[in-house]
*Asks:* 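For reference, the structure I am asking about is given below.
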Amino acid sequence: MDNSAIAERLDAFATLLDLAGASFYTARAYRRAAELVRTTQAPIEPLVRAGRVRELRGIGRGIEARLVELVETGEIAELRELEREVAPELVGLGRLIGLTPKRAVELGRALGITTAAEFREAAAAGRLADVPGVGPKTESRILEALAQEGEHRPRRGLLLNRARALVVEVAAALGGEPAGDPRRWRDACEHLAVVCAADRPGPLLDAFAALPAIVAVVERSERRAVGVTVEGVPIELVVAEPAGFGTALLRATGAREYVEALEPLPEAVDEAEVYLALGIPFCPPELRERPFRGEPPPLVEVGAIRGDLHAHTTWSDGRASVLEMGMAARDRGYEYLAICDHTPNVRVVPGLDAGDVRRQREEIAGANAELAPFRILRGIECDIRADGSLDLPDDVLAELDWVQLSLHAGQRAGRDELTRKVTEAMRNPYVRCLSHPKGRMINRRPENALDLDETFAVALETGVAVEVNGLPDRLDLRDEHVWRAVEGGVPIVCSTDAHSVAGLGNMELSVATARRGWATAADVLNTRPLAEILDRRALRNPALHPPDRG
């Protein structure tokens with residue numbers, strides 16, 4: 001068996017384990033093993049037969065046993081058993097409307113059905129009331145969810161990184177283009193879509209239904225289908241006529257009110273031709289939220305970023321050393337990286353006190369000697385204490401190249417108290433940037449009550465920048481707040497808050513969020529060379545280094 005065939009079986013096994021209600025970590029282990037096999041250059045089968053497959057990182061005893069069984073027999077017996085016991089289409093529909101896999105299978109068995117269509121028919125006929133354990137409230141909730149099913153939205157928005165991974169995977173498999181909310185880089189995605197072009201849509205619709213990522217197709221017409229992933233996330237596939245691909249892509253990308261304001265759209269082979277026919281400038285996908293026909297600004301690009309100003313190491317809760325993080329940042333083409341580990345007040349993770357900060361100086365100096373002319377900056381993510389004071393003394397902060405200010409505790413404080421503490425801390429002469437100002441965690445914690453108008457006024461007064469944090473569950477400041485900062489002339493920093501080498505890749509999410517806020521390279525501090533970043537006096541008096549709006 002070649003690697004792709006082995007990976008496909010592992011993926012299928014992971015999906016069915018998930019559908020059967022197995023441990024999330026077990027299913028994830030098989031999914032990661034499938035990706036490892038798929039991307040490994042050497043053939044896997046000889047390693048399995050030689051008993052060496054566990055030399056690959058991520059392959060444990062359990063997965064090795066499945067691989068041996070697959071290579072020697074051509075199948076995984078438990079996979080065949082799961083395929084008989086689990087009704088993927090029914091479970092997919094169940095997850096879409098809020099049922100657990102176990103409950104969906106139980107209802108299917110009680111009703112004697114296995115498909116989504118049969119479930120809809122049984123529910124419409126009132127048969128749910130005959131199922132033990134289904135009372136009037138449960139039946140009403142299921143019927144209401146089925147009635148809203150046509151909207152094809154997940155029960156809560158999917159984080160941007162996961163949403164983009166899904167649509168990119170499906171688009172690559174079908175030779176199409178990602179669309180929907182992920183193409184606009186929305187922070188929480190509800191509409192996931194892929195657009196393809198073909199004279200004959202049938203083969204693409206069939207291929208879509210057969211993808212490992214799709215466990216059920218809940219809607220299908222001549223040129224459109226909606227599939228559901230194992231997590232219950234709907235993905236729309238549009239197969240356009242080749243001559244109208246650009247029009248279909250624009251419709252599937254823009255928010256509803258943006259697209260409706262442009263209708264009727266001319267048929268065109270690509271988006272550039274659509275805008276040309278409309279007689280308006282091309283609009284980047286990130287700005288297609290509200291009606292707009294004007295000339296967009298030259299939005300900041302990832303390639304304009306000269307360095308990352310917020311990263312962690314093993315000194316606090318990071319997974320890589322100072323040198324490893326520096327090497328990874330240099331390999332990305334950056335000129336500098338600020339190491340900003342936590343201070344003790346965070347409590348839930350290790351934090352650096354004054355002595356630790358000074359000991360870390362030696363490690364940073366050694367890394368800089370090896371990486372020059374690339375520069376690792378001595379930084380800190382300094383917490384604001386409950387009384388509003390900073391978590392390190394001024395004499396320590398004065399030694400550092402970059403001081404990030406953060407509030408981790410007290411996010412539920414009232415507007416006045418929160419704003420007072422943050423703005424007083426911003427007036428410290430050594431503070432350079434305010435991290436994740438609104439403190440939100442997407443789908444888990446709402447934004448805090450910080451008064452951004454007052455905060456931005458103090459930022460202008462002090463020269464303190466505000467961060468667009470690239471962690472997928474933060475993306476804070478968010479798009480609309482970036483727009484307010486940009487309009488007010490407040491400098492922003494696009495950073496990753498990376499806790500690993502891979503985390504440096506979140507710069508793409510940070511920059512995309514800044515672009516959604518209409519930020520240009522001139523608005524983003526870390527598009528500037530190192531000398532300007534280190535010139536504390538200039539950043540507190542922006543007139544000394546006015547941004548080049550080119």
Side-chain angles (χ1 to χ4, degrees), residues 96-97 144-160 162-164 166-168 170-171 176-197 208 218-229 232-241 244-268 270-296 299 442-443 475 478-483 512-513 515-518:
L96 185 61
I97 63 174
E144 182 181 352
L146 286 171
Q148 297 173 353
E149 180 201 346
E151 298 179 9
H152 298 307
R153 294 291 189 269
R155 297 182 68 80
R156 65 178 186 176
L158 208 61
L159 292 182
L160 177 56
R162 176 61 180 149
R164 281 191 61 85
L166 273 174
V167 296
V168 167
V170 172
E177 289 291 333
D181 294 351
R183 188 167 179 238
R184 298 200 313 280
W185 299 84
R186 280 194 66 193
D187 50 13
C189 298
E190 297 177 349
H191 176 217
L192 278 64
V194 169
V195 180
C196 297
F208 175 66
V218 295
E219 184 179 330
R220 177 166 173 168
S221 58
E222 184 181 357
R223 288 192 169 271
R224 181 178 174 275
V226 176
V228 181
T229 72
V233 176
I235 301 180
E236 178 186 27
L237 172 66
V238 177
V239 184
E241 297 273 4
F245 173 76
T247 308
L249 182 59
L250 194 154
R251 280 201 179 100
T253 295
R256 179 177 298 176
E257 60 179 313
Y258 175 82
V259 175
E260 287 178 349
L262 296 181
E263 295 283 10
L265 291 177
E267 291 292 298
D270 60 38
E271 286 186 328
E273 286 190 14
V274 178
Y275 284 100
L276 186 63
L278 289 171
I280 60 176
F282 181 87
C283 183
E286 296 93 330
L287 303 187
R288 301 180 196 175
E289 290 291 340
R290 290 167 290 277
F292 175 66
R293 287 175 169 263
E295 182 76 46
L299 301 180
I442 300 171
N443 292 332
L475 298 181
R478 61 174 300 171
D479 46 12
E480 62 189 61
H481 299 150
V482 173
W483 186 87
T513 303
R515 286 169 62 88
R516 285 176 57 83
W518 297 64

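Count residues from 1 along the sequence. As the structure is a prediction and not an experimental result, all values here were calculated from the model.
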*Asks:* Looking at Pro291, Pro284, Pro285, which hits side chain to side chain contact (heavy atoms under 4.5 Å, CB included) with Arg288?
*Replies:*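 Of the listed residues Pro291, Pro284, Pro285, the side chain to side chain contact (heavy atoms under 4.5 Å, CB included) partner of Arg288 is Pro285.
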*Asks:* Taking the side chain as every heavy atom from C-beta outward, state whether Thr513 and Asp187 have any atom pair closer than 4.5 Å.
*Replies:*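 Result no, sub-4.5 Å side-chain heavy-atom pair not found.
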*Asks:* Can you see which heavy atom on Thr247 is nearest to which on Pro266, and at what distance?
*Replies:*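 So the two residues come closest at OG1-O, 2.6 Å.
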*Asks:* Within the 4.5 Å heavy-atom criterion, are Arg223 and Glu241 side-chain neighbours or not?
*Replies:*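 Touching, per the 4.5 Å side-chain cut-off.
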*Asks:* List the atom of His191, the atom of Glu236, and the distance in Å for their closest heavy-atom pair.
*Replies:*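 In this case the closest contact between His191 and Glu236 is NE2-OE1, 2.8 Å.
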*Asks:* Atom CD in Glu271, atom CG in Leu265: separation rounded to 0.5 Å?
*Replies:*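 With rounding to 0.5 Å, CD (Glu271) is 10.5 Å from CG (Leu265).
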*Asks:* In Å and rounded to the nearest 0.5 Å, what is the CZ to CG distance from Phe282 to Asp270?
*Replies:*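 The CG atom of Asp270 is 9.0 Å from CZ of Phe282, to the nearest 0.5 Å.
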*Asks:* Distance from Arg478 atom CZ to Ile442 atom CD1, nearest 0.5 Å?
*Replies:*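 Between atom CZ of Arg478 and atom CD1 of Ile442 there are 8.0 Å.
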*Asks:* Count the heavy atoms belonging to other residues, nucleotides or ligands that lie under 6.0 Å from CD of Glu222, then report whether that count exceeds 12.
*Replies:*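 Counting other residues, nucleotides and ligands, CD of Glu222 stays at 12 neighbours or fewer.
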*Asks:* Run the side chain to side chain contact (heavy atoms under 4.5 Å, CB included) check on Arg293 and Leu262 step by step: do they pass?
*Replies:* CA-CA 8 Å; Arg293 287 175 169 263; Leu262 296 181; 4.0 Å; yes
*Asks:* Check the pair Val170 / Leu192 against side chain to side chain contact (heavy atoms under 4.5 Å, CB included), numbers first and verdict last.
*Replies:* CA-CA 10 Å; Val170 172; Leu192 278 64; over 6 Å; no
*Asks:* Measure across Pro281 and Gly294 and return the closest heavy-atom pair with its distance rounded to 0.1 Å.
*Replies:*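 Minimum heavy-atom contact is CG-O, 3.5 Å.
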*Asks:* Is a side-chain donor or acceptor of Arg184 paired with a backbone partner of Thr253 at a separation under 3.5 angstrom?
*Replies:*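 The answer is yes, because a donor-acceptor pair under 3.5 Å joins these two groups.
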*Asks:* Determine the minimum heavy-atom distance between Cys189 and Leu160, stating which atoms define it.
*Replies:*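 Scanning both residues, the minimum pair turns out to be SG-CD1, 3.9 Å.
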*Asks:* Could you walk me through whether Arg186 and Glu289 pass the side chain to side chain contact (heavy atoms under 4.5 Å, CB included) test, one step at a time?
*Replies:* CA-CA 10 Å; Arg186 280 194 66 193; Glu289 290 291 340; 3.5 Å; yes
*Asks:* Between Cys283 and Tyr258, is any pair of side-chain heavy atoms under 4.5 Å apart?
*Replies:*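 In short, these two side chains touch, coming nearer than 4.5 Å.
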*Asks:* Provide the closest heavy-atom pair for Pro178 versus Leu249 in the form atom of the first, atom of the second, distance.
*Replies:*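 Taking every non-hydrogen atom into account, O-CD1, 4.0 Å.
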*Asks:* Once salt bridge (charged side-chain N to carboxylate O under 4.0 Å, His left out) is applied, do any residues pair with Arg220, and if so which ones, sequence neighbours excluded?
*Replies:*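 Scan of Arg220 (salt bridge (charged side-chain N to carboxylate O under 4.0 Å, His left out), adjacent residues dropped) gives Asp206.
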*Asks:* With a 3.5 Å distance limit and no angle check, can you tell me whether Asn443 reaches the backbone of Gly157 through a side-chain donor-acceptor pair?
*Replies:*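 Present.
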*Asks:* Please report the C-alpha distance between Leu250 and Tyr275 in whole Å, then the side-chain angles of each, then the deciding distance to 0.1 Å, and finally whether the side chain to side chain contact (heavy atoms under 4.5 Å, CB included) criterion is met.
*Replies:* CA-CA 10 Å; Leu250 194 154; Tyr275 284 100; 3.6 Å; yes
*Asks:* Please identify which of these residues, Val194, Val226, Val195, meets the side chain to side chain contact (heavy atoms under 4.5 Å, CB included) condition with Leu237.
*Replies:*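 In the set Val194, Val226, Val195, the residue that makes a side chain to side chain contact (heavy atoms under 4.5 Å, CB included) with Leu237 is Val194.
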*Asks:* Can you give me the closest heavy-atom contact between Val238 and Ala248, atom names plus distance?
*Replies:*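 Shortest heavy-atom contact: CG1-CB, 4.3 Å.
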*Asks:* Can you tell me how far the CG atom of Asp479 sits from the CZ atom of Arg515, to the nearest 0.5 Å?
*Replies:*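 Output value for this atom pair is 13.5 Å.
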